[in-house]
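Lettering follows sequence order; numbering is per chain, from 1. What you are looking at is a predicted structure, and each value in this text was computed from that prediction instead of being measured.
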Number of protein chains: 2
Amino acid sequence: MNSVTTATTNRGRPGYAREDVIRIAVDQFNTHGYEATSMGALATTLGVSKSAIYHHITSKEEILVEATDQALEALFDVIEEADATPGTAEDRLAAVISGATRVLCEKPENVTLLLRLRGNTEVEKQILERRRLITRRFIDFVASAQEEGAVRSTLDAGMVARLTFGMINSLVEWYRPDGPISPEELSEIMPDFVFRGLAAR
Amino acid sequence: MNSVTTATTNRGRPGYAREDVIRIAVDQFNTHGYEATSMGALATTLGVSKSAIYHHITSKEEILVEATDQALEALFDVIEEADATPGTAEDRLAAVISGATRVLCEKPENVTLLLRLRGNTEVEKQILERRRLITRRFIDFVASAQEEGAVRSTLDAGMVARLTFGMINSLVEWYRPDGPISPEELSEIMPDFVFRGLAAR
């Protein structure tokens, strides 16, 4: 967990590279909670002085913004790609489900941090607002597939979108990329499971 | 959020009833994180002295154990009821999905606390072990429905169980019992969504 490559390239100083500091900070936030982790505790974990961290990072919030940004940007990319997917609204919805699954497999730590945010500060509220934007776009994809007739219109689009996201988001809790199901398999299984359910017939 | 009925019945002392202290503590844990919430901070929120809290509760862990117990016991009850459900394995799986949905609607705060536990202490590890027991039993229900032929056997039972639980658990993040979908409706929709998926055809 704490194995890092000590880099000497970042701003020409020896010690941890900036991305290592962020990665380990995210790990600490996810293990002990964002609010319960101080920059001092982070310095202790890294085995460096606080000033060595402040050489890279101006605040705990800066780490939070940057780490959640990586998850949010990847999810916005998925939406953009799905928007550009030719074919039916069902195809585009499948692309979003599949793409979001891939992001969760690739950046579980960043997504975990994003999902656990409570919105106690102004910066957290802004991050949550971007997260909500993704949910709203996802609801649009469901609604379009309903208008097309591919998705049952008896189900509320907002409910379907949130339940499906809930299912995908749960991956951060239990999914292991080195387990029996590969990320590629999973991103194929997921839209199929959402569309067809688990019934054999 | 902090509106409480001041009770004078509990152990015959004036002030908060024990269940109020626990309820408000759970709310604080969920808002600021379990580790970040001290008994002192809880006392401040309640507007009482620390000793007034220690009159009811011996430790923060006692609150954690009791609050998560309420969620765990309710879920074990659901499993027991499902075990006793006559009919097919599919009926029993549907009963578990429906029952778990009901518990999430009824005790969202307790379940949230249970889901956010990180397992940093021995007590937390024990609670997580009981949570895992529920997951394992849920996997059994899926596997039985697969043996019966009701559920596609191409899907891994562990994966299906965890994804379905992920979907149900997501309710604590967005579901409002006073919104357009009632808990009763939701516990009917949920097994249907899991079995049939969202495809119209």
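Counted within 6.0 Å of CD on Glu80(B), heavy atoms from surrounding residues, nucleotides or ligands total 12 or fewer; the atom is thus considered open. The number of heavy-atom neighbours closer than 6.0 Å to NZ of Lys125(B), taken from other residues, nucleotides and ligands shown, is above 12. For Glu188(B), the CD atom sits in a loose shell: 12 or fewer heavy atoms of surrounding residues, nucleotides or ligands are nearer than 6.0 Å.
Nearest heavy atom pair, residue Asn120(B) against residue His32(A), reads ND2-ND1, 3.7 Å. Of all the heavy atoms in Phe29(A) and Arg118(B), the pair that sits closest is O-NH2, 4.2 Å. Minimum heavy-atom separation, Phe193(A) to Val194(B): CE1-O, 4.2 Å. Nearest heavy atom pair, residue Ser170(B) against residue Arg162(A), reads OG-O, 3.8 Å. The two residues Ile189(A) and Met159(B) have their closest heavy-atom pair at CG2-CE, 3.6 Å.
Looking at Asn169(B), there are no atoms closer than 4.5 Å to chain A (heavy atoms on both sides), in backbone or side chain. The parts of Leu198(B) that come within reach of chain A are both its backbone and its side chain, each placing non-hydrogen atoms under 4.5 angstrom from that chain.
With rounding to the nearest 0.5 Å, the separation of CD in Glu35(A) from OG1 in Thr37(B) is 8.0 Å.
Of the residues considered (Ile168(B), Ile181(B), Leu163(B)), Leu163(B) shows the highest number of contacts with chain A, using heavy-atom pairs under 4.5 Å.
Asp192(A) has its side chain within reach of Arg152(B): a pair of non-hydrogen atoms, C-beta onward, lies under 4.5 Å apart.
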